[in-house]
Amino acid sequence: MPKTPYATPVQVTRASLPPLEDFLSHVREIFASRQLTNQGKLVMRLEQALRDTLEVPALSLCNNGTVALQLSLRLLGLNGKKVITTPFTYVATLSSLLWEGCTPIFADIDPRTLCLDPAEVERRLAEHPDAAGILPVHVFGNACDVEALAAIARRHGLRILYDAAHAFGSTLDGRSLFDWGDAAVGSFHATKLFHTVEGGCVVTHSAQDKERLGLLRAFGHRGDEHFCLGINGKMSELHAAMGLSLLPQLPDMLAGRRQRAEMYDRELRLEASPLRRPALAPGLNWNHAYYPVIFPDHAMLMRAVAALQAENIFPRRYFYPSLTRLPYVDSPACPIADDTAERILCLPFWPDMDEALQVRIAALVRGVCRA
Ligand SMILES: *Cc1c(COP(=O)(O)O)cnc(C)c1O
């Protein structure tokens, strides 16, 4: 066991990289063609490869997940409308709503899965019958109660846009989580399980939606013909090169995550620990996008953070604070989300993480739990 802190800071994750030669072979292709962006060959190829991998009908790559959310809100006609969403998520879920002039209505989460609770959505809908859509998040790659949410949307005539930023590689009853809702958005930011350095995507279910998204993403015009208001949401060829060279590693990355999650489970001695883990949705094959642990109280979490930081290890408080508490938000409390946000911590975790490091982190956390 090391007595001195780790020389280089240990962050909550480490970006995956493809073999450099694989990346360079795609870059050489870009240099040869001189097509650098604007729906080039590599972007098209990556869109096809992701459609095949995820088995979804249509997928459009974007320059990041936040813009992909904003484009999707427009696609579904939700801009400027009331949208029910969760306060337990990364701030981008909320900021994309606000940036599109939507009024976010927070509904509380299910304390087990940490995803939007359908009963709470119903409760908020009774107070806000003019809501036009739901923006749930598959938090940490766990699955929302997609059937219950679909039933609510049908009953009330709402559109559902899933923030699936964490859900790449998670399947529910064998089907990608990207395949649910009127549209689903992925993030391919460097910190995500699969990435293109910066990037994102929108999964849609009809040729018209795919076509319209293509316009929204590229200034709303084709040649000299202008169809609608658009913005620049395009992915570059260089970013697609990263995705194309990283995608073949997906099975190894998923297997590595699973194996290291099992390692943490064992080393944390969860059965005898006050720590709790989120409960997985029934039928989920989890991508292990993160390794969250829930402490019994905030004080114990802070002691764990201090013990780890003393050894140059930096877990992240995903997601803290609860978005109901942000200075530019005026929302009634969501007691479960607000409380969970105080007590949850994501431990450093990546697919080829060193086992000795995991053993050390688990020992430090166990020490705090015993104290
Ligand atoms: C990462 C993330 C986003 C934003 O994606 P970017 O590609 O970084 O813009 C949105 N929602 C959630 C839940 C995320 O974790």
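Since the structure is predicted, the reported quantities are computational estimates derived from the model, not experimental observations. Every number for a ligand or one of its atoms is a count from 1 in the order of the listing. All heavy atoms count here, side chains included; hydrogens, waters and symmetry mates do not.
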*Examine ligand 1 and decide if any of its atoms is less than 4.0 Å from a heavy atom belonging to Glu198.*
no

*Counting heavy atoms not belonging to Asp130, are there more than 12 under 6.0 Å from its CG?*
yes

*asked:* Centroid separation under 6.0 Å, is that true for the rings of Phe140 and Phe319?
replied: yes

*Ionic contact status for Arg45 with Glu29, cut-off 4.0 Å*: yes

_For atom 9 (O) of ligand 1, closest protein heavy-atom neighbour_ = Thr66 OG1, 2.6 Å

*For ligand 1, the portion of Thr89 having any non-hydrogen atom under 4.0 Å away*: side chain

*asked:* Can you report which non-hydrogen protein atom sits closest to atom 3 (C) of ligand 1, along with the distance?
replied: Ala92 CB, 3.9 Å

*Could you tell me whether Glu262 and Arg257 make a salt bridge, using a distance below 4.0 angstrom between a side-chain N and a carboxylate O?*
no

*Below 4.0 angstrom from a heavy atom of His166, which ligand 1 atoms are there? Numbered from 1 as shown, please.*
13 (C), 14 (C), 15 (O)

*Do any heavy atoms of Ala68 fall under 4.0 Å from ligand 1?*
no

*Tell me, which protein residue and heavy-atom name are nearest atom 2 (C) of ligand 1, and how many Å apart are they?*
Lys192 NZ, 3.0 Å

*asked:* Looking only at distances, can you tell me whether any N or O atom of Phe188, backbone or side chain, sits closer than 3.5 Å to an N or O atom of ligand 1?
replied: no

_Where ligand 1 meets Asp163 - atom numbers and elements under 4.0 angstrom, heavy-atom basis_ = 10 (C), 11 (N), 12 (C), 13 (C)

*Flag, side chain of Thr13 to backbone of Phe349, donor-acceptor distance under 3.5 Å*: yes

*Atoms in ligand 1 with a heavy atom of Thr93 nearer than 4.0 Å*: 11 (N), 13 (C)

*asked:* Is there a side chain to side chain donor-acceptor pair (under 3.5 Å) between Asp265 and Tyr291? Walk through the geometry before answering.
replied: CA-CA 10 Å; Asp265 290 349; Tyr291 195 93; 2.5 Å; yes

*Can Arg14 and Asp352 be counted as an ion pair, charged N to O under 4.0 angstrom?*
yes

*Could you pull out, from Ser95, Cys201, Ala165, the option with a heavy atom nearest to atom 12 (C) of ligand 1?*
Ala165

_Nearest neighbour of atom 5 (O) of ligand 1 from the list Cys62, Gly186, Ser187, on a heavy-atom basis_ = Ser187

*From the options Val91, Asp338, Leu326, select the one residue that forms a side-chain contact (heavy atoms from CB on, under 4.5 Å) with Pro321.*
Leu326

_Salt bridge check, Glu47 against Arg217: does any charged N sit closer than 4.0 Å to a carboxylate O?_
yes

*Which atoms of ligand 1 have any heavy atom of Gly199 under 4.0 Å away?*
7 (O)

